[in-house]
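If you read the sequence from its start, that first residue is 1, and numbering goes on from there. Any value given below was found using the heavy atoms of this structure, including those in side chains, with hydrogens, waters and symmetry copies removed.
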Amino acid sequence: MEPQQDKQSPPLEDCLKLLKGERDEQRLAGLLLVTKFFKGDDLSSLQTIYNAVGVGFLDRLLRTGMGKGSISSSGSENRDAYLQLSVTVLAAFCHVLEIAASNDMVSKIPLVLEVLSTEPGSAVLEECYEFLYLVSTASEDGIMTFYTSGGMNMLASHMSIFPDGSHQMELSMKLVQLILNKLSLEIINQDYVPELSKIVAAITRQFAVLHNAVKFDALHLLSAILSSKYSAPVYDSLRVLPEKDLPNYMRDGIAAILQNRVAPTEKLQALILADSMMTIFGERWLIGHINLPGMKEPIPADRCLVLVLEQSRVEVAVLLNELAQLKDEASKRSSAPAETIVSKKRNVAIAFSLLEKIISLISNASENEGDIIDENTFMKVIKGLNETIGVVLEYLQDAKEHGQRKGDDLLASVRIIGSYLAETPVACKEKVRELLEYMLSIEGEDEPSPFYSICFLLPLLCQMTMEIEGCKALISCGGHISVVDCLVKLIGPHGYMVKDNGCIFLACDTILNLLLKKEQLQIPLDDSTLGNLLKALAYWTEGINDPSTIMMASSICALLFDFTSEKALLKHPNFDDSTLDSLSRLIARSLASWGQGMSDAAKSEMDLLEIVTQGYSQWVDRFPRVRETVER
């Protein structure tokens with residue numbers, strides 16, 4: 001309500017006289033004058049007028065407009081006019097904070113929501129939203145009443161049809177923000193996952209097509225929803241959403257943010273959205289058509305990939321430098337600015353996550369026939385990744401020199417290095433070998449001893465140990481013991497939870513690579529390490545029928561037995577008769593698959609079977625109980 005006051009405006013007293021009249025017709029006339037002559041920012045006059053008209057009449061007017069009550073001399077033909085007048089003056093009065101926060105206004109939220117649900121194309125739609133926003137903003141009761149009265153359902157149904165950039169859309173987005181400020185996504189997910197996913201789709205379109213302040217409002221809202229630790233149900237819902245343009249809209253919006261001069265915090269939020277999109281739709285989401293305003297030439301499909309890579313690289317370089325400085329200052333002051341460090345660690349983790357997904361995309365693209373990435377772009381990405389991995393290695397070098405071995409930022413650094421070097425094991429070769437012992441010793445914040453750092457490096461270590469030089473490098477820093485300890489933790493009685501068996505078999509392959517070259521290497525294995533590994537192998541294979549597991553475990557066992565004897569093993573405090581019996585059965589099971597009638601599974605493991613057979617012939621005299629079990 002923004003009418004102009006001028007010299008011909010009736011004095012406030014005349015309006016008040018009408019509003020205080022005994023007949024409804026007088027009050028209606030007074031309210032019509034209010035809508036015509038008083039501005040929404042004239043708070044003093046609005047408060048005076050509100051006090052004069054009274055809550056009861058306002059309530060009757062609204063209900064009459066809804067067809068639920070009656071005003072004197074009202075007819076059905078006037079219903080729409082009464083509804084429009086009622087909602088308009090209610091919205092105007094709610095510019096006064098005290099009025100908006102009152103129970104009288106909060107109690108009208110369900111009625112206004114009903115108006116919107118029964119008359120979605122109503123002429124009072126904008127005034128309804130203004131009323132809902134003002135009352136919801138004024139008090140906690142307001143936004144909670146909006147939420148519990150079905151506000152999410154209304155937003156989900158309306159936002160998808162509102163015109164782009166309309167005032168109603170802006171108010172809707174502000175209402176979503178109020179709900180997120182008040183309630184965690186965990187609570188919202190209990191009732192409104194489908195509705196929230198529709199709201200996300202509507203906001204994403206605004207993020208793509210608008211190029212004003214609302215674009216950034218959309219960015220912040222989407223980032224808040226999709227980066228929440230409770231966002232998994234929303235991700236699942238977005239994957240099956242009928243709105244198929246959402247990935248494209250998001251790519252458009254993110255590309256526009258990243259290629260323009262905006263604040264670093266906005267670019268970081270765009271990266272958060274890019275990470276979420278790849279989690280939802282896969283790494284291929286980075287490749288696709290982009291629509292940007294003012295672009296005469298067609299934009300390459302891999303432009304978003306380049307933009308996300310370059311901004312991620314900037315974030316890594318800046319954040320790691322700032323983290324190193326903060327840690328250094330904290331060590332001198334003996335008190336760290338904890339919140340700042342935690343925030344930067346969280347942000348660098350986002351950039352690392354994006355780089356890992358890009359590494360996966362590049363790896364898959366190089367393996368597939370389709371040219372989804374231009375060759376020049378491909379080389380640019382590889383060059384950029386090489387440079388960034390060098391920056392991460394320098395960060396670890398600095399941490400090593402400062403005696404730092406524990407921290408999730410250090411662990412994340414090892415992970416990104418491991419991911420990249422699994423694809424390009426020769427990259428930064430000398431620096432990696434120099435830092436290998438240190439990287440294997442890194443622990444996460446909550447780890448009692450190194451484990452995940454070793455897991456992250458296993459693909460690299462497995463490839464390294466295929467060559468004698470790599471084996472020597474690993475043994476020289478004690479890395480072979482780290483791999484054995486990692487495997488024991490993975491398959492032993494106190495096994496760590498991992499998502500798949502990939503780490504287990506990578507550790508097994510690394511140990512096999514070392515043991516098969518024992519004639520050319522000096523492999524220091526103390527009795528404790530040997531005994532613990534054998535015991536873990538026995539535990540892992542007891543009751544297991546998977547041929548791959550049986551043959552892998554028995555081949556490692558056969559190679560380890562060549563280092564010792566039955567008599568020596570039984571002297572080990574952690575190695576007993578039951579473990580020996582279990583390993584004897586393991587060797588017998590693997591050897592029993594040899595010969596005529598071999599299964600296809602056994603044939604596929606022929607190389608491992610040969611290792612067991614050859615090993616058995618070499619040490620069988622030192623293991624009479626194993627011989628007895630095999631020959632039984």
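Ring-plane geometry between Y129 and F162 is classed as perpendicular, the angle between the planes exceeding 60 degrees on a 0 to 90 degree scale with a lower cut at 30.
Shown here are the salt bridge (charged side-chain N to carboxylate O under 4.0 Å, His left out) partners of D191, two or more places apart in sequence or in another chain: there are none. Remark: A156 pairs with E195, K198, I199 by the side-chain contact (heavy atoms from CB on, under 4.5 Å) rule, at least two apart or across chains. Annotation: ring pair (Phe, Tyr, Trp, His ring centres under 6.0 Å) contacts of Y438 (sequence neighbours excluded): none. For Y395, the ring pair (Phe, Tyr, Trp, His ring centres under 6.0 Å) criterion is met by no residue, not counting sequence neighbours. Evaluation of the side-chain contact (heavy atoms from CB on, under 4.5 Å) rule for A349 yields no partner, not counting sequence neighbours. Listed by chain and residue number, C477 satisfy the side-chain contact (heavy atoms from CB on, under 4.5 Å) test with E437 (two or more places apart in sequence, or in another chain).
For Y192 and Y147, the gap between ring centers is short of 6.0 Å.
The backbone N or O of Y452 lies less than 3.5 Å from a partner atom in the side chain of E447, making a donor-acceptor pair. Judged by distance alone, the side chain of T148 and the main-chain N or O of M144 form a donor-acceptor pair under 3.5 Å. Using a distance-only test at 3.5 Å, with no hydrogens or angles considered, no donor-acceptor pair links the side chain of N260 to the main chain of V262. Formation of a donor-acceptor pair under 3.5 Å by the S360 side chain with backbone atoms of E356 is not found in this model.
Side-chain contact, H95 with E130: a donor N or O sits under 3.5 Å from an acceptor N or O.
The cationic atom of K489 (NZ for Lys, CZ for Arg) does not lie both less than 6.0 Å from the six-membered ring centre of F451 and within 45° of the ring axis.
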